[in-house]
Amino acid sequence: MIVTDSEKTISALCSDWRAEGLSVGLVPTMGALHRGHLSLVKTAVASVDRVVVSIFVNPTQFAAGEDLDRYPRTLQQDCEQVKKAGACAVFTPDTVTVYPEGFSSEVRVSGITEGLCGAYRPGHFDGVSTVCAVLFGIVKPEVAVFGMKDAQQLAVIRRMVSDLRMGVDIVAAPIVREADGLAMSSRNRYLSVEERGQAVLINTGLEKAVSLCRGGEKNCAVLKEAFLQTVSNASKLRVQYAEIVDPDTLLQVETAEKTVLLAVAVFAGKTRLIDNVLIRPEV
Ligand code: AMP
């Protein structure tokens with residue numbers, strides 16, 4: 001497996017593969033990899049011939065006061081893990097490589113970036129869509145794999161790729177959870193023991209909404225309330241938002257007639273955790 005921070009090296013490698021008739025897949029990450037990321041790599045390995053994992057803590061998707069400076073960096077361990085998962089290359093550009101002097105472009109997807117996380121993280125999705133456009137331009141993958149954990153990010157990237165005819169097939173991979181249900185996240189390591197203990201209620205609340213809906217409840221206000229009730233007594237948890245939306249448009253939905261997305265952001269102490277679940281009503 002090749003590890004490189006050079007744009008020239010990775011793009012030459014990918015174009016050599018393409019010249020040999022091999023398909024290329026990309027898994028964009030910010031590192032501090034866990035089983036969630038590795039499942040994305042495995043999904044990519046199953047669908048293309050050569051998989052590139054990018055590891056880049058993208059400064060433009062962090063707002064002032066967020067955790068850019070202390071974001072965990074575990075490069076050596078990350079490389080060992082993705083190698084085992086079957087990746088062929090790891091691209092670890094620095095900021096100047098991604099945004100060289102004179103870089104003046106920004107990809108902004110409107111509409112679906114405005115609600116959910118977009119309402120609380122100004123500029124975040126502009127940073128995400130721009131860095132993904134740059135990475136797609138360097139690697140030119142046929143396929144890129146994203147996790148459903150970041151449901152809004154997935155919808156934004158799908159919109160961008162479709163609008164700009166980027167020709168990348170976006171594949172969604174399911175959320176990987178800890179044994180007790182907490183969605184895996186690079187940020188879980190920030191949690192104190194008490195916060196970690198209470199954070200499990202996020203998934204419990206999501207599952208409560210799912211089972212209510214299975215029992216026939218279709219009123220989204222009631223489903224949302226089931227989530228809020230579950231986390232309300234946890235002293236370390238503070239809900240930033242809990243919304244039930246259409247999974248593609250991310251517009252709010254009042255009745256769960258078809259599959260809807262319950263998306264939440266919850267602070268556990270100072271750590272902001274996001275999670276979501278697709279709720280499929282019984283037909
Ligand atoms: P990040 O490194 O947090 O930017 O995430 C990189 C990719 O991994 C994104 O597509 C995320 O949605 C995905 N990802 C992060 N956590 C999980 C998880 N628990 N399960 C599945 N995918 C995940």
Side-chain angles (χ1 to χ4, degrees), residues 1-4 10 13-14 17 22-58 61 71-93 98 117 124-125 127-129 131-161 166-179 181-189 203 247 261 263 273-278:
M1 187 184 75
I2 289 156
V3 180
T4 180
I10 198 75
L13 186 65
C14 294
W17 285 333
L22 300 170
S23 56
V24 179
L26 174 66
V27 180
T29 80
M30 297 205 299
L33 304 183
H34 49 65
R35 280 194 290 109
H37 297 108
L38 299 179
S39 79
L40 271 50
V41 178
K42 287 175 190 159
T43 299
V45 167
S47 50
V48 294
D49 299 311
R50 297 287 181 269
V51 173
V52 177
V53 177
S54 62
I55 297 180
F56 177 58
V57 182
N58 175 33
Q61 68 187 72
Y71 198 83
R73 288 158 170 90
T74 56
L75 184 60
Q76 200 184 332
Q77 227 178 299
D78 292 350
C79 290
E80 286 163 16
Q81 295 190 79
V82 296
K83 185 176 177 189
K84 274 196 210 138
C88 294
V90 178
F91 179 43
T92 59
V98 176
C117 292
H124 170 69
F125 288 111
V128 169
S129 46
V131 77
C132 287
V134 171
L135 293 170
F136 291 169
I138 294 171
V139 173
K140 299 184 177 60
E142 269 104 331
V143 170
V145 184
F146 289 83
M148 287 162 73
K149 160 119 185 328
D150 298 76
Q152 189 170 18
Q153 169 173 282
L154 176 64
V156 169
I157 297 300
R158 283 209 157 118
R159 191 74 254 166
M160 172 184 80
V161 163
M166 287 178 157
V168 184
D169 185 12
I170 303 299
V171 172
I175 300 176
V176 175
R177 297 180 180 280
E178 301 284 0
L182 177 66
M184 298 196 89
S185 164
S186 308
R187 291 187 169 102
N188 289 351
R189 70 191 70 199
N203 181 54
L261 178 78
L273 302 174
I274 58 168
D275 202 346
N276 67 78
V277 71
L278 284 170

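Quick note: numbers below take in every heavy atom, side chains included, and nothing from hydrogens, waters or symmetry partners.
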Enquirer: Checking side chain to side chain contact (heavy atoms under 4.5 Å, CB included) for the pair K149/I274: CA distance, chi angles, key distance, verdict?
Expert: CA-CA 7 Å; K149 160 119 185 328; I274 58 168; 3.8 Å; yes
Enquirer: Is there a side-chain contact between V24 and K140, using heavy atoms and a 4.5 Å cut-off?
Expert: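 Not touching, per the 4.5 Å side-chain cut-off.
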Enquirer: Please round to the nearest 0.5 Å and tell me the distance separating atom NZ of K84 and atom NZ of K42.
Expert: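 That separation rounds to 10.0 Å.
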Enquirer: Would a distance-only check, ignoring hydrogens and angles, find a side-chain to backbone donor-acceptor pair under 3.5 Å from N276 to L261?
Expert: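 It does not hold such a pair.
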Enquirer: Any non-hydrogen side-chain atom of W17 less than 4.5 Å from a side-chain atom of V52?
Expert: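 They are in side-chain contact.
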Enquirer: Does the pair V128 and M160 meet the rule for a side chain to side chain contact (heavy atoms under 4.5 Å, CB included), with working shown?
Expert: CA-CA 11 Å; V128 169; M160 172 184 80; over 6 Å; no
Enquirer: Taking the side chain as every heavy atom from C-beta outward, state whether M184 and H37 have any atom pair closer than 4.5 Å.
Expert: no
Enquirer: Is there a donor-acceptor pair closer than 3.5 Å between any side-chain N or O of N188 and the backbone N or O of A183?
Expert: yes
Enquirer: Quick one: does any side-chain atom of R50 pair with a main-chain N or O of V48 as donor and acceptor, under 3.5 Å?
Expert: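 Absent.
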Enquirer: Tell me whether T43 contacts the main-chain N or O of A173 through its side chain, where contact means a donor paired with an acceptor under 3.5 Å.
Expert: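 No, the answer is negative, given that no donor and acceptor are paired below the 3.5 Å cut-off.
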Enquirer: Is there a side chain to side chain contact (heavy atoms under 4.5 Å, CB included) between L26 and S54? Walk through the geometry before answering.
Expert: CA-CA 7 Å; L26 174 66; S54 62; 4.1 Å; yes
Enquirer: Can you tell me how far apart OG (S185) and CD1 (I175) are? Round to the nearest 0.5 Å.
Expert: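 Nearest 0.5 Å value for the OG-CD1 distance: 11.5 Å.
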Enquirer: Testing the basics here: between A89 and L13, what is the closest heavy-atom pair and its distance to 0.1 Å?
Expert: CB-CD2, 3.9 Å
Enquirer: Is T92 close to L75 at the side-chain level, that is, under 4.5 Å between some pair of heavy atoms?
Expert: yes
Enquirer: Any side-chain heavy atom of P28 sitting closer than 4.5 Å to one from F56?
Expert: no
Enquirer: In Å and rounded to the nearest 0.5 Å, what is the NE2 to OG distance from H124 to S129?
Expert: 9.5 Å
Enquirer: Can you see which heavy atom on P174 is nearest to which on S39, and at what distance?
Expert: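 In this case the closest contact between P174 and S39 is O-OG, 4.5 Å.
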Enquirer: Got a donor-acceptor contact below 3.5 angstrom from the T4 side chain to the F91 backbone?
Expert: no
Enquirer: Using the side chain to side chain contact (heavy atoms under 4.5 Å, CB included) rule, take Q81 and V53 through it: C-alpha gap first, then chi angles, then the decisive distance, then the call.
Expert: CA-CA 11 Å; Q81 295 190 79; V53 177; over 6 Å; no
Enquirer: Could you tell me whether a side-chain N or O of R158 sits under 3.5 Å from a main-chain N or O of I170, the two making a donor and an acceptor?
Expert: yes
Enquirer: Could you grab the distance from atom CD of Q152 to atom CZ of F125, nearest 0.5 Å is fine?
Expert: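 Result: 3.5 Å between the selected atoms.
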Enquirer: Less than 4.5 Å apart, any side-chain heavy atom of D49 and any of E142?
Expert: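 Result no, sub-4.5 Å side-chain heavy-atom pair not found.
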Enquirer: Have a look at V82 and tell me which of L40, I55, L33, V45 forms a side-chain contact (heavy atoms from CB on, under 4.5 Å) with it.
Expert: L33
Enquirer: Are M30 and S186 packed together at the side-chain level, in the sense that at least one heavy-atom pair is separated by less than 4.5 angstrom?
Expert: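 A side-chain contact is absent here, since even the closest heavy-atom pair is not under 4.5 Å.
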